[in-house]
Amino acid sequence: MSLPDPRQLERDCLTAWEHAFEPNPSAREKFYLTVAYPYPSGAMHVGHGRTYIVPDVIARFWRMRGREVLYPMAFHVTGAPVIGISKRIARGDEKAIRLYRDLYKVPQKTLEQFVDPLAIVRHFSEEYQRVMRACGLSIDWRRRFTTVDPQYSKFIEWQWKHLREGGHVTKGAHPVRYCPQCENPVGDHDLLEGDRAEIQKFVLIMFRWKDAFIPAATLRPETIYGVTNLWVNPRASYVRAIVDGAPWIVSREAAEKLSLQDHTVSIEGEIPGSALVNEKVSHRLCGEVPVLPASFVDPGMATGMVMSVPGHAPFDYIALRDLQSQGHYSHIQPVSLIRVPGYGDFPAKDAIERAGVKDQTDPRMEAITQEVYSAEFSQGKLREEFGGMTVREARESVGALLVARDGSKYMYEFDTRPVICRCGGQVFVKILHDQWFLTYSDPSWKAEVSAQIEKMVLVPPEVRAEFERTVGWLKDWACTRRVGLGTRLPWDPGWLIEPLSDSTIYMAYYTVAHHLKEFLPEELTPDVFDYIFCGQPCPDHPRKDMLAQMRKEFCYWYPYDYRFSAKDLISNHLTFQLFHHVAIFPPSCLPRGMVVFGMGLLNGAKMSSSKGNVFLLEDAVMEFGADTVRMFLVGSAEPWQDFDWRNELVQSTRKQIERFYNTIQESRTAPSEVAPIDRWLISRLQQHIQKTTQALEVFQTRQALQEAFYAIDADLKWHRRRIVPGTPGGGGVRELAHVWTRLMAPVIPFICERLWKEIGGEGLVSFADWPVPDQGKIDLNLELAEEMLLRLTEDLESIRKVIQITPRSLTICIAPAWKREIFAAVAGAADKTRVVKDIMGEERFRKKGKDAADAVRQCITHVHRLPPGLVEGYLAGNCDEREIFFSAIGFLEKEAGVPVTITDADAISHPRAKGALPLKPALILE
RNA sequence: GCGAGUGUGACUGAGAGGCCAAAAGUGACCGACUCAAGAUCGGUUCUCGCAGGAGUUCGCAGGUUCGAAUCCUGCCACUCGCACCA
């Protein structure tokens, strides 16, 4: 028997389910789960499939447990990517076209429409919905929306009004990576090189030179007091430029950079670096110092001029020493400025001498600089004459002082270079103005989020640390963009709200999304949302009843119970949405839990559309069937683990479903007699029900499947083996079939829907009652008895494997009573090291002599190797070996293939009989 | 580099101090059925053993313990995140 035609089966189910999963508030308890909605810019692959199928299994499970389950879906179309895609397609970019035409299988006609970015998201959101349906996802599609729907925009405007009123939005300047050629900020993925470069904030210290300023760039403004000279690269080219009205001397590169960072710059003339050597410059805080030449000065770094603090900066120290060793500048002495434990007056000197550095070209200089820098920053203190502050404090305050009193400016620069844009041009730091920020750095906002995280269920628990760390680490988030799709900032419509910032509380929107569609956007004023989501007084509105209805529905569903998402979103989306929730909703509506997913691999390699290493979900469903895809995806790894899609494993999953189908089908014609082995099957089943339930309650889909499928399957195998032809029994599978179909329904709903009908189940299995273990059907003694028989057959097998004779008979020798006493003594002994002495101390055992001593020793290892339950059951007198073996003698003879005799070990004189132990009879094959 | 996590037999992956040579699944091999193949069913799958046993394994190296895949320390490898990007 093979599976019914999958196309027909899937069609039937999809018809039956069409409107089945459209929950409304009811008297039942609710269960609301949401998944991060997709950005439909490409086709779904099996990795996406798991992201939505795992929650569906959970949804179906809770639905069967009687909850009103809400599993909604929408599409996130905000942002710039589709704009880039459509541009690339419009301009005939071969790579983009190949991706869409060949990999995503977009028909040529549709592809032509992709010059409109909205056409892309329209096409793929249709495709997503179609494929999600085909996968059997129990989604309430009435609530579907996209993030550019006008009603949704109204909702976002309302959200942002609140954020702003709550003081969570500020405006400011913001340094970004910027490509002057593209005239655009560049993100990580736009970089050819330098993606690890970070933006550092330098302080420019304005030294006076003749009528001009020489701005020396430093990350350590507090060391101004220890400056002995400046460094200039004599081979670099410098310019005199009017910066914000004052003449500055900086490297040529620096002049260009400054113009991107809020300065007006006009270059007046060139000055070779060498012309600055030996010039005198001065500053209020360090007096007059000379400019000296140094090759390590990089004209491409900041201003191309640096100040020299030889006492504390290894580069400065060694450069000075190099000059002095040639007999120059011997009057310059380092200034001791900072005390650090483990170093003398001049940490830079100590570090260099310890390392035995020869000159400034030594490759270890970077590391030594880092060492001194960290030591001074973390443990250093300024000397008393400079105020005695810690370096950490001084850096802040001296920097601020220099800016306030001495005309210092800030300048941004990358810590590593070069940074190259995809267009090939060099990337600079530019200061963007009028940028809006979400103030995630706000300590009181952070505190609220941390408090919320503490109350939440996080799955798996290991991610808690990462959430906590993310909250601590988040800085202000630039939340507006100039280009892309999305909602305009209500009070500053030149800006669009950026995608990670307009997708934080839409879980609330779902609760009433289907009703909101009935409203004109302009009807959805902020006070309407205030009423629905925050319980503010109901505004005067022509459709007050409807508003009241929505308020009721929101209150029923919210807060959501679980949010599901892949682990890469912890450090942004998942944490952001908590920030927004605590900012907007009352405590009763704050999220309860999150489940974080692992990533997907395809044949061991990372799945990646750009590398073409993807398997499309729709192809998978067509090839293997939706049930198979589902069962594989939830069964191959737990949700938070990475999973690996391998066709051969998927193929075998399909066979397992077939076996399941056949077993259930065959159960319909099973005999109706019920033998002890049937009671055993049903007894075991109760535990599988319990374990499956427990696993699903904590999202362990793989574990659940191990119990619900493989463990039951293994029991059935034993059950089949135990049935001796010609004897009554076998009816257990009938009862099992009813339970099994329901246990499997969340995972493979299509086939279970069909089977449920065929075995006479009421209604849809999707809404059938989840099985509940019946304690009355559990018979532990029966289970112990079967365990003993199983052990006996295993022993028998291993003996047969090593002997070479063909046996004619099997004798089973049961251990005598005195061995049972020893066994009990060993099992009950608290101190395992003394048990031999204790037992042999007893007269009745001692007179058995060596036999007893051997038995004790054997029992010690034996007891340890037995499952505790079996030992306990045996000691409680719940299994009589003789009775068990006698009643199964037909089975034992079938297994052994020879006549079986059961006897007491001390009733026969065969030497092997002596080896009999409790729960391990001696077997004699001869 | 920083932060979080993971390393188990051919592979996927359970196990979290004595039930452990280590579940389950896959693959491979051997049988049964079949003219045959496939499917299905049964068995084997670290090494040695003509009696149910013994030996060596759980990233590497040490340590704690009567006893370690499991606990501790160090190292190595891999995965994810490190922001204006979904």
Side-chain angles (χ1 to χ4, degrees), chain A residues 1-2 36 38-39 41 76 78-82 174 176-177 185-190 195-196 198 370 415-416 432 435 437 440 460 462-470 472-481 498-501 503 566-573 576 596 598-599 601 604 606 635-638 640-644 646 648-653 655-656 658-659 662 702-703 705-707 709-711 713-714 717 720-721 791-792 794-805 832-833 861-871 912 915 920-925:
Chain A
M1 217 175 333
S2 67
Y39 185 81
S41 67
H76 194 202
T78 316
V82 283
H174 178 54
V176 295
R177 287 187 296 227
V186 284
D188 258 350
H189 52 279
D190 294 323
D195 53 326
R196 286 238 306 264
E198 283 185 39
Q370 194 54 46
D415 60 346
T416 55
L432 283 189
Q435 175 62 258
F437 293 90
Y440 293 143
E462 297 85 66
V463 299
R464 189 171 292 277
E466 213 170 332
F467 273 105
E468 284 164 359
R469 198 197 122 268
T470 300
W473 161 86
L474 274 175
K475 301 190 184 78
D476 288 351
W477 179 261
C479 57
T480 51
R481 298 286 177 276
E498 162 285 330
L500 283 172
S501 304
S503 55
K567 66 178 167 190
D568 51 346
L569 295 188
I570 292 176
S571 65
N572 48 53
H573 168 73
F576 287 8
V596 174
M599 318 295 279
L601 303 177
K606 200 156 113 187
S636 66
E638 296 294 6
W640 42 90
Q641 298 171 325
D642 294 349
F643 76 95
D644 190 5
R646 286 175 194 260
E648 64 186 30
L649 294 183
V650 181
Q651 192 63 52
S652 79
T653 302
K655 285 181 200 155
Q656 279 148 357
E658 251 172 66
R659 192 159 71 236
N662 291 340
R702 180 189 156 92
Q703 180 61 32
L705 206 52
Q706 289 288 325
E707 285 296 329
F709 185 78
Y710 298 104
D713 197 43
K717 194 169 164 182
R720 268 195 303 276
R721 186 169 167 190
R791 287 176 164 271
L792 192 143
E794 281 168 0
D795 270 358
L796 185 62
E797 261 321 302
S798 62
I799 295 169
R800 277 207 293 212
K801 215 168 77 186
V802 282
I803 60 171
Q804 288 181 343
I805 57 161
K832 306 236 179 334
T833 52
T861 42
H862 186 44
V863 165
H864 273 148
R865 288 181 176 182
L866 290 169
L870 185 58
V871 175
R912 291 203 194 285
K920 194 173 181 64
L923 304 180
I924 303 169
L925 275 165

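Order of the sequence lines fixes the chain letters, A, B, ..., with proteins taken first and strands second; residue numbering starts at 1 for each chain.
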Applying a 3.5 Å limit to both distances, which nucleotide forms a Watson-Crick or G-U wobble pair with [N]?
N: B:rG53; value: B:rC48
N: B:rG1; value: B:rC82
N: B:rA16; value: none
N: B:rA77; value: B:rU6

With [X], which residues qualify under salt bridge (Lys or Arg N to Asp or Glu O under 4.0 Å), at least two apart?
X: A:E797; answer: A:R800
X: A:D568; answer: none
X: A:D795; answer: A:K920

Tell me every residue that passes ring pair (Phe, Tyr, Trp, His ring centres under 6.0 Å) with A:F643, counting only those two or more places apart in sequence or in another chain. none
Separation of B:rC82 atom C1' from A:K567 atom NZ, nearest Å, is 15 Å
Measure the distance from CG on A:L474 to C1' on B:rG81 and round it to the nearest whole Å. 12 Å
Output one line per pair: protein atom, nucleotide atom from nucleotides 2-4 of chain B, and distance, for all N/O pairs under 3.5 Å.
| unit_1 | atom_1 | unit_2 | atom_2 | d |
| --- | --- | --- | --- | --- |
| B:rG3 | O2' | A:R469 | NE | 2.9 |
| B:rA4 | O2' | A:E466 | OE1 | 3.3 |

Short heteroatom pairs, N/O only, protein and nucleotides 8-16 of chain B, under 3.5 Å:
| unit_1 | atom_1 | unit_2 | atom_2 | d |
| --- | --- | --- | --- | --- |
| B:rG13 | O2' | A:R702 | NE | 3.3 |
| B:rG13 | O2' | A:R702 | NH2 | 2.3 |
| B:rA14 | OP1 | A:Q641 | OE1 | 2.8 |
| B:rA14 | OP1 | A:Q641 | NE2 | 2.2 |

Hits for side-chain contact (heavy atoms from CB on, under 4.5 Å) against A:Q641, two or more places apart or cross-chain, chain-then-number order -> A:A637, A:E638
Residues passing the side-chain contact (heavy atoms from CB on, under 4.5 Å) test with A:P81, sequence neighbours excluded, are A:Y39
Got a sec, which residues hit side chain to side chain donor-acceptor pair (under 3.5 Å) with A:E707, two or more places apart in sequence or on another chain? A:H688
Taking side chain to side chain donor-acceptor pair (under 3.5 Å) as the definition, give me every residue that meets it alongside A:D642, ordered by chain and number, with sequence neighbours left out. none
Mapping A:W473 and A:E648 onto RNA chain B by nearest heavy atom, which one lands closer to the 5' end? A:E648
Between the protein and nucleotides 51-57 of chain B, list every N/O to N/O distance that falls short of 3.5 Å.
| unit_1 | atom_1 | unit_2 | atom_2 | d |
| --- | --- | --- | --- | --- |
| B:rA51 | N6 | A:L925 | N | 3.3 |
| B:rA51 | N6 | A:L925 | O | 2.3 |
| B:rA51 | N1 | A:L923 | O | 3.2 |
| B:rA51 | N1 | A:L925 | N | 3.0 |
| B:rG52 | O2' | A:D795 | OD1 | 3.2 |
| B:rG52 | O2' | A:S798 | OG | 3.4 |
| B:rG52 | O6 | A:L923 | N | 3.4 |
| B:rG52 | N1 | A:P921 | O | 3.2 |
| B:rG52 | N1 | A:L923 | N | 3.3 |
| B:rG52 | N2 | A:D795 | OD2 | 2.5 |
| B:rG52 | N2 | A:P921 | O | 2.9 |
| B:rG52 | N3 | A:D795 | OD2 | 3.3 |

Strictly under 3.5 Å: I want the nitrogen or oxygen pairs between protein and nucleotides 40-45 of chain B, one per line.
| unit_1 | atom_1 | unit_2 | atom_2 | d |
| --- | --- | --- | --- | --- |
| B:rG43 | OP2 | A:K717 | NZ | 3.2 |

Contact under 4.0 Å: A:Q656 side-chain N or O vs B:rU26 OP1/OP2: yes
